[in-house]
Every structure is written in structure tokens, then in C-alpha cells.
Amino acid sequence: MGILGIIGGSGLYDMPGLEDVRHVGVESPFGAPSDLIIRGRLGSVELAFLPRHGLGHRLSPDGINYRANIDCLKRLGVTDILSLSACGSLREDLPPGDFVLVDQFIDRTRARPLSYFGNGLVAHISMAEPTCARLRSDLAKAAEGMDFTLHPRGTYLVMEGPQFSTRAESHLYRQWGADLIGMTNLPEAKLAREAEMCYLTIGMVTDYDCWREGEAHVDVESVLKILMDNASKAQNLVAAAAPLIMENRQTPCPSGCDRALEMAIVTHPDKRDAALMDRLDAVAGRVLKPAD
Ligand SMILES: CSC[C@H]1O[C@H](OP(=O)(O)O)[C@H](O)[C@@H]1O
Ligand SMILES: Nc1ncnc2[nH]cnc12
């Protein structure tokens with residue numbers, strides 16, 4: 001049985017309703033994760049919660065150690081990750097308060113370590129479908145009958161930040177076909193895929209960024225206010241989805257998230273860097289184990 005991982009974004013620093021709560025420090029060869037990981041049980045589901053920005057929102061989107069976060073969740077036995085994230089809307093029909101199950105990303109980050117792999121161990125995973133289709137379907141089912149609008153798909157543009165966009169950028173991203181904008185879900189989704197974990201972003205719309213005529217441009221106060229008003233909806237959604245996700249976990253992921261590295265590593269076994277392989281014991285141990 002796997003463990004469900006929740007990465008809480010802005011305004012979401014814990015997970016109410018957990019039983020047997022423990023705060024666990026996990027060590028990673030990639031450095032320190034954002035904070036202690038909160039372990040507990042939600043009904044029958046084992047859960048691990050990590051506040052992405054740390055308690056007290058200490059970490060900037062460009063300063064989060066995404067590699068350590070995903071590595072630590074993997075070390076704990078997490079198989080599936082739900083990322084709860086505040087997002088700006090780039091579309092008229094995605095108003096603040098709506099939720100979006102993200103199925104695509106556009107990467108506009110510039111200065112973040114993007115991969116666990118590199119010289120001495122080269123790997124190329126597929127990111128054609130960057131979030132897990134089975135998790136999307138579980139979340140859509142769980143949201144049926146709930147009192148908010150959930151959109152079944154959407155494209156999330158990840159900007160570097162920490163400043164919000166200029167108006168010209170906001171208009172450009174709309175022309176590119178992006179639906180949402182945020183600062184955190186890449187490289188997170190790419191790293192989760194490299195670590196063979198199912199990953200899904202639940203985008204919580206908090207504002208209209210700065211493109212909309214007659215609308216005040218986004219600021220932190222308005223984002224946090226909408227999040228406070230909607231946090232309990234996100235938590236109810238996770239609680240309803242958790243048993244469905246873990247029930248499905250008993251069969252392999254139909255999209256192959258849990259086998260993403262199988263055809264990805266190019267470096268010949270004789271040419272692999274032993275130190276890098278050691279660092280990847282959790283992320284890629286399944287495929288790097290020497291053949292019997
Ligand atoms: C507080 S507004 C900007 C901040 O909110 C989003 O955070 P997260 O994705 O972790 O919910 C956005 O990406 C920025 O980091
Ligand atoms: N408009 C916006 N741009 C970037 N990140 C955000 N997070 C919430 N709203 C945002």
C-alpha cells in the first residue's frame with residue numbers, strides 16, 4: 001500500500017483531520033526539504049504532508065529545494081502526490097474560487113536545478129503528459145456534488161518569479177493558450193516523474209493576474225484572502241479523493257508514471273558515475289539495482 005503525498009502551497013501549511021500525527025525529519029543527499037514532513041492517517045489512507053514554502057512561508061518559489069522535497073517524499077514511501085497550488089487565471093471563464101486539474105505546463109523558469117540526472121548518468125523521461133491521468137480522473141470523481149466548480153483540464157504556465165508578471169507578459173501567456181499562472185509546479189512535476197511518482201496539480205484560482213480590464217492587478221493580500229476562503233474546499237476534496245487514489249494504487253499506473261525510468265537512462269552501465277548513482281538510491285533505485 002502506498003502513501004499519499006500532499007504538497008501544500010501558499011496559504012496551506014497543514015492538513016486538518018489527520019490522526020496519529022508525527023512530524024518527521026527526512027534527510028536527502030540533495031539537501032534540506034522545505035520543512036518537517038507531517039505524517040498521519042486520513043481515514044484509512046496513510047498521508048505525508050509537506051508545506052512547499054515551509055511553515056511561516058519562509059521560502060521563495062525560486063529558493064525552494066524541489067529536488068530535496070521530492071526525494072524525501074519518495075524515501076518515505078510516497079507513491080502519489082497532489083500539489084495544491086494558488087494560481088492566477090488567464091481566462092475570463094476561470095474566476096477566483098474555481099479549481100482546475102492541470103494537465104499541461106509551459107516552463108518559463110530560468111534558474112532552478114531541473115533534474116536528478118546529469119553528466120555520468122543521463123536520462124530523458126517523457127513529459128508529453130506531465131500529470132497523471134488516473135489521478136485527474138480520481139479527483140474529478142471526488143469533486144462530484146461539491147459546492148465549487150472544478151475544471152477537468154488546464155495549462156499552467158510556470159514563471160520564475162518572485163515578482164508577478166508584467167502586463168505585456170500576462171497578455172503574451174494568454175495568446176500562448178495558457179489558462180493559469182503560478183511559480184512553483186515546475187520543476188516539481190518533472191522531478192516527480194523522474195522519481196516514478198504519480199503527480200497532479202490542483203490549481204486553486206485566486207486572481208486574474210494583471211491582464212483584465214477594470215480588475216485590480218494581483219497582490220499577495222488578495223491571493224491569501226481567496227485561499228483562506230477556499231482552503232477547506234481543497235481539504236475536503238483531498239479527503240474524498242484519498243481512498244479512491246489508494247484503491248486504484250493496487251494496479252500499475254495506466255499512464256506508466258510508476259515506470260517512467262524504464263526506457264529513459266542512456267548512459268552505458270560501464271560509464272555510469274558511482275557517486276551520482278548513490279545519490280539516486282531513492283529516486284532511481286528500482287532501475288539502477290545491479291542485475292542478478
Ligand atoms: C502568495 S502569491 C504567489 C505565490 O503563490 C503561489 O504559490 P504556490 O504555487 O506554492 O501555491 C505562487 O506559485 C507563488 O509562489
Ligand atoms: N497571478 C499570479 N502569478 C503568479 N503566481 C500566482 N499565484 C497566485 N496568483 C498568481
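First listed ligand is number 1; within each ligand, the first listed atom is number 1. The shown structure was predicted, so the numbers you read here are calculated from the model rather than taken from an experiment.
Asn65 places a side-chain N or O within 3.5 Å of a backbone atom of Ala68 that can act as its donor or acceptor partner. A donor-acceptor distance shorter than 3.5 angstrom exists from the side chain of Glu169 to the backbone of Thr166, with no hydrogens or angles considered.
Contacts of ligand 1 (protein heavy-atom distance under 4.0 Å) are Gly9, Ser10, Arg52, His53, Pro61, Ser85, Ala86, Phe164, Gly182, Met183, Thr184, Val223.
The distance from atom CG of Leu172 to atom CH2 of Trp211, rounded to the nearest 0.5 Å, is 14.5 Å.
Residue pairs meeting the side chain to side chain donor-acceptor pair (under 3.5 Å) criterion with at least one partner in residues 120-133, sequence neighbours excluded, are Thr131-Arg136.
For the residue pair Arg67 / Ser28, no side-chain donor-acceptor distance below 3.5 Å is found, with atom types taken as modelled.
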Step by step, work out the salt bridge (Lys or Arg N to Asp or Glu O under 4.0 Å) result for Asp138 and Arg134. CA-CA 6 Å; Asp138 292 340; Arg134 181 163 70 179; 5.2 Å; no

For the pair Asp62 and Arg112, evaluate salt bridge (Lys or Arg N to Asp or Glu O under 4.0 Å) and give the outcome as yes or no after the intermediate values. CA-CA 7 Å; Asp62 49 315; Arg112 305 175 183 191; 5.8 Å; no

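Separation of the Phe30 and Tyr116 ring centroids falls under the 6.0 Å cut-off.
Clustering of Ile, Leu, Val, Met, Phe, Trp and Tyr by side-chain heavy atoms under 4.5 Å joins Val266 with Val122.
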Can you produce the list of protein nitrogen or oxygen atoms under 3.5 Å from a nitrogen or oxygen of ligand 2, alongside each distance?
| unit_1 | atom_1 | unit_2 | atom_2 | d |
| --- | --- | --- | --- | --- |
| ligand 2 | 1 (N) | Asp207 | OD1 | 2.9 |
| ligand 2 | 1 (N) | Asp209 | OD1 | 2.8 |
| ligand 2 | 7 (N) | Ala86 | O | 3.4 |
| ligand 2 | 9 (N) | Gly88 | N | 3.2 |
| ligand 2 | 9 (N) | Asp207 | OD2 | 2.6 |

